[in-house]
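Scope of the values below: all heavy atoms of this structure, side chains included, with no hydrogens, waters or symmetry mates. No experiment lies behind these values; they were computed from the predicted model shown. Sequence lines set the chain letters: A, B, ... in the order given, protein chains first and strands last, and positions in each chain run from 1.
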Amino acid sequence: MNLRWLLSFVILLLAVVLSGVILTRAQVLGAPNQPIAYSHRTHVEAGVQCLYCHTSALRSEIAGIPSVQKCMGCHMVIATDRDAIRTLAGYWERGEPIPWVRVSRQPEFVYFNHQAHLNAGENCETCHGDVGRMTVTRPVVKMDMGWCLDCHMKQPENKVTHLADCLTCHK
Amino acid sequence: MNRDEDTLNNNPLHSTFKETMPKTLTRREFLKIAAGATAASGLAPAVRSIVIEPFVQPPEEVLPGQATWYASTCRQCPAGCGIIVRTINGRAKKIEGNPLHPLNRGKLCARGQAGLQVLYNPDRLKNAVRQSGGRGSRQFEPLYWPEALDLLSDKIAALSNAERIAFLGGLMPSHIYRLATRLFETLGAAPPVIYDLQSALEGRSAASQLSQAFFGAPDLPVYDISQSDVVLSFGANLLETWMSPVAQSAAYGAMRQGGMGSRGLFVQFEPRLSATAASADEWIPVRPGAEGFVALAIGRIIVEERLGHVGSHRTQAVLYQNVDVREMAAASDVPIETLHRLARAFADADRAVAIPGGYLAGQRNGFSSMLAVQALNLVVAQVGREGGVFLSNPGPTAALRQNLPVNAFDEVIDLIVRMKAGEIDLLLVHGANPMYELPAAAGFAEAIARVPFVVSFSPFVDETAVWADLILPDHTYLESWGYQVPSPGADRPVVSSQQPVVRPLYDTLAAADVLLGLAARLGGKPAEALPWEDEASYLEETVGELHGSSLGAYDARTPSGFWALWRQYGGWWSEKKIRREPELTEVVQTPLPISDPQFEGDPEDYPFHLYPYSSIILSDGRGANLPWLQEAPDPMTTVQWGMWVELNPKTASALGVSDNDIVQVESPYGMLEAPVVIYPGIRPDVVAIPVGQGHQDYGRFAQAVNGSNPLVLVAPVTDPGTGALAWGATRVRLKPTGRKQILARLESLDGNGRESLG
C-alpha cells in the first residue's frame, strides 16, 4: 500500500466524520418533522398562555405535552375544517396519542427540572426562544452542559456552589 | 482436565463462539472496522428522533413527570401482602410493599417485585379466543367479547342438568370466588373446587382441618414468631413460600434482633436443608414422614420429666401415654440426647412455638404429625399467648367472611372421576393449571378430554388453557379490582384491597364481569342473585359495609369517601391490635395418634424418597414465565434458568455421578431426567427436585428452560386424615445416563471461585 492510498483513505475518513458532525449540529438546531403541522405562533397570537397547555411546568419536572383531550377541548369547534385539525380529530376518534417529535431534549443522564427553573423566575423563552413567533418549533440553543453552566455561574454567589455541583443535575 | 475440555467442546455455546470469532485479526481488518465504527458513530445522532406521546385522556390524579403510587394487593401467592405500585405517565414501573399494611408492613418478596412482568409479559393473550383447530391445536382465532359471553351462556342454558357444570379454581381473589359460588348456587350446581399446587405444597387444607380439630374453627393459625424465644419448625419453609413468607420473614427478623433480649433459637426439622433451615440455628434431618415422632418424643419428655415452668403437666399426660421416646428416636433418626436437649430448650423458654409445616401435610401420616406438633404448643401453654399460637381473624362482615376454602386433593379426585365418567359437560378453570399442577398419574389429562366444553380464564396459554375450547383472559392483577382477607392473617382484622394501577393493556375482561355478564344473559334467578352492573359496583357495595365500623384505622363521612380511602390505604384494617385467641376442643384429651409414614414404591426397587419442594423463585411454577424470577439464582444451589436433582455427596458417589451429570429419576408412576446438583444439605436417602419448571406451554420464557415437572413422578395418594395430596410419599430410583447438562450457577462449585476453564 502506498502513501497516496493511505492519504486518500484518511481524507475520506475525515470527510465522513466531519459530515456526521455537521449533520448532527444541523439536527440539534433544526426543526423536526411533526405528525401535525402545529404552529405555536397561531396559538400564542390567539392569547393562549404557555401554561395553559404545558400545565405541569410549575409543578413537575417536565412541562407536559397537552393531552389529545385538551386539544379537542377547543378544536371540537375551532377551525374544524383545516387539514391539521382534521388530522388531530382523527387521533381523537381513534383514541390514539399523537406521536410528537421532541424538539428540546436533555440526555438521559441529566435530571432537568422545569419546576425549579420556573420557580427561580426564569421565563420559558430564556431556554426555548421566542416560541410564540415560531410557526414551526425548533430549538434556538444547543442545550449542552457549557450552556447550562454559563447561566448557572452567573447566579448570585450563595447559589453558585449548589448550581455548579455535579450532583445537582447528574444525580 | 480432559473431561473438562470435552465438556467445553461439546457445549453448544462454545462451538458458536469458535465460529463467530475469526482466528486472527490483521491490522488492515482492524483499521477497516475502526473506520466504519467511527463513521457510524459520527452519523448516528443525525438519524435519531424521539417521540413523546401525550395521554389521549389523562387520568385526573396524574401530573406529567411525577409518579403516582397506587395501593393494591399482591396476587403472586395466596398470602395477600399489601403493595404500592409506582406509575408514571400511565405505566406501572415498580412494585413495593405497602408500609401501612399490617401484614407485610412495607416489605415485599422477589416474586412480588416481579409482578410487573406478569403485566408486561409478551405472551399474554390480547383478547378472547376460540381454539379454531380443535383443543390442543394451539391455533386460536379472536372472539368478540359479547359473542364469547353469548356462547358460554348458551352452553350453560343448554345443560341438561345443573350438576353437569364444574368450576375448578386456584389462587383467585375472594370476590370472584363469592360471585362464582352465588352463580353456581342459583344454577343448582356444586360450589367451585379450589385447588392449586401452592396450596398443596404448603398444606393449606390440612392446616385448616388441623385448626378445626384443635380449635374448632377452620381459620388458619398465626404463629407469633416475632415474640418467641424458641421456634421449632417442622417442615415449614416459613422464610420462602409457606403461607405468608413476607410477614414471617419480618417476624423472624424481629425474633433475631427484636426486643426479647435474646437472639431466639430457631430449629428446623426437615429432610433437606431449605433456605429457611439455612437461616436456622440448627437443621435436623429427620427421616421423611417421621417429623411427628420427633414432636411426640419432645412432648413426652417434657410431660414425663415435668420440664419448664408451666407447673403441672398432668392433664397432658394422656396425650403421650402411648409414646415411647426410644422408639420415636429410632424411627426418626434423631438421637435421644438431641431430643432431650431440644425438649429442655423448648420447655424452659419463656415463649416458645412449634409450627407444623407443609412437608408434614404432604405425608400419608400428615394429620397425626400435625396434631403432634400442634400439641407441643399446648404442652408449654402457648395457645393464645404472646409468642405462641393465635387464630386468623375472619373477615369483619358476613360477606367478607365468605372466603375461599381450599379443597383437599380427594375432592379434586372426585371431580376427576366425574369428568372421566362423562358427568361433566362444561368445565370452567380460573387461577389453576391442573394439567401442570396435579400429579400426572391423577389422570386429569384423560378426564379433561371427556369434557365436551372447557373454558379457561387464564391470561396466558398455559397447559390447561391449551385444552380449553374457549379462553376468556382475565386481567392480570395489576389491572384488576378485588379484595382479600389474608389467611393466615395479621395481628388484627385486615381486608386488603385490590385496584387497577393501570388501564388494562389489552382487550381482556375481568372474570367477575364475565360472571356478571353471564348472570344477566341467563336472566331469572341468576340475574336476581347477581344484580350488579359491574365488578367495581359490586365491590363498592360489599366493602362499603365496613364504612362506619368503629374499629377501622380511618373513617369517612360518606360512602364514596370511604371507597376513596379504601383504595388509598390499600384496604381496611383495625387501628388496634386484636388477636384472636383459640379455644381448645376435646381432641386434646385423648392420646395422640402415632401412625407410621407410608410410601408408594417398594423400598427394594425404589430406594430413595422423592422430595419435590416448592421453589422460592418460581413457587409452584406460576413464576416460570417471568424472566426476572428465572434469572434469580436459587438461594441454596445458585442455579439460574434451570431444573435439577439434588443428591447427597454419598449418594452421588455410590451412583458414580457428579455435578451436571444427567440422571434418570423413576418412580412407580413416571420418569424424568435432570442434571445432578451435589448438595450436602440433604439426607442420603432423599432426592429433592424443585417444582416449577418443565412447562410445555405457558409462554416463551417458561418453555425455554430445559427441565421437567416432578409431578410426573408423584403418586396420586392422599393422607387419609385430611384427604390432602401426600406429595412427599413417593419413592424413586436413580440411574445415570452418561450424559451431561451444564447448569448455569452463580457461585463456583468448589466454593473458592477458582475453577479453570481447562
Side-chain angles (χ1 to χ4, degrees), chain A residues 1 6 9-10 12-28 30 32-35 53-73 91-108 111-115, chain B residues 25-70 86-94 120 126-127 144-145 479 500 502-509:
Chain A
M1 179 189 293
L6 190 67
F9 177 70
V10 168
L12 187 72
L13 188 70
L14 275 176
V16 167
V17 172
L18 204 67
S19 61
V21 170
I22 291 166
L23 280 172
T24 307
R25 189 84 195 164
Q27 164 79 11
V28 166
N33 284 328
Q34 298 290 1
C53 296
H54 304 289
T55 47
S56 54
L58 271 171
R59 299 178 292 154
S60 173
E61 287 163 24
I62 65 172
I65 304 290
S67 62
V68 184
Q69 180 169 258
K70 177 149 253 170
C71 302
M72 292 307 289
Y91 283 106
W92 172 247
E93 276 152 23
R94 294 191 301 275
E96 278 176 20
I98 304 165
W100 296 110
V101 179
R102 188 175 275 285
V103 175
S104 307
R105 87 184 161 92
Q106 288 292 332
E108 279 168 13
Y111 284 74
F112 177 80
N113 190 332
H114 275 93
Q115 187 184 17
Chain B
L25 189 67
T26 61
R27 190 181 158 78
R28 188 183 299 183
E29 277 167 345
F30 175 75
L31 279 175
K32 270 188 204 162
I33 292 167
T38 317
S41 62
L43 284 166
V47 290
R48 265 181 91 182
S49 72
I50 297 171
V51 169
I52 29 177
E53 293 184 346
F55 280 109
V56 177
Q57 285 171 294
E60 265 175 54
E61 58 270 39
V62 160
L63 183 60
Q66 299 289 304
T68 312
W69 293 79
Y70 291 99
R86 178 171 165 261
T87 66
I88 192 158
N89 299 338
R91 288 182 174 87
K93 298 273 179 168
K94 183 78 174 79
Y120 295 124
K126 297 185 171 58
N127 41 262
Y144 183 52
W145 274 105
E479 305 160 314
V502 291
R503 281 198 201 133
L505 259 52
Y506 306 115
D507 185 22
T508 52
L509 187 62

Residues which pass side chain to side chain contact (heavy atoms under 4.5 Å, CB included) with Ser56(A), listed by chain and number, not counting sequence neighbours: Ser60(A), Leu63(B), Pro64(B)
Most chain B-contacting option - heavy-atom pairs closer than 4.5 Å, from Pro35(A), Gly95(A), Gly64(A), Ala63(A): Gly95(A)
Other residues, nucleotides, ligands: >12 heavy atoms within 6.0 Å of Tyr144(B) OH: no
CD1 on Ile62(A) to CD1 on Ile52(B), rounded to 0.5 Å: 8.5 Å
Any residue meeting side chain to side chain donor-acceptor pair (under 3.5 Å) with Lys94(B), in chain and number order, not counting sequence neighbours: Glu96(B), Gln113(B)
Rounded distance [0.5 Å steps], CD in Glu53(B) versus CD1 in Ile65(A): 11.5 Å
Contact summary for Ser67(A) and Pro54(B), nearest pair of heavy atoms: CA-CB, 4.2 Å
Interface moiety of Pro66(A) toward chain B, non-hydrogen atoms closer than 4.5 Å: backbone
Nearest heavy atoms of Arg105(A) and Ile50(B), plus distance in Å: CD-CD1, 3.3 Å
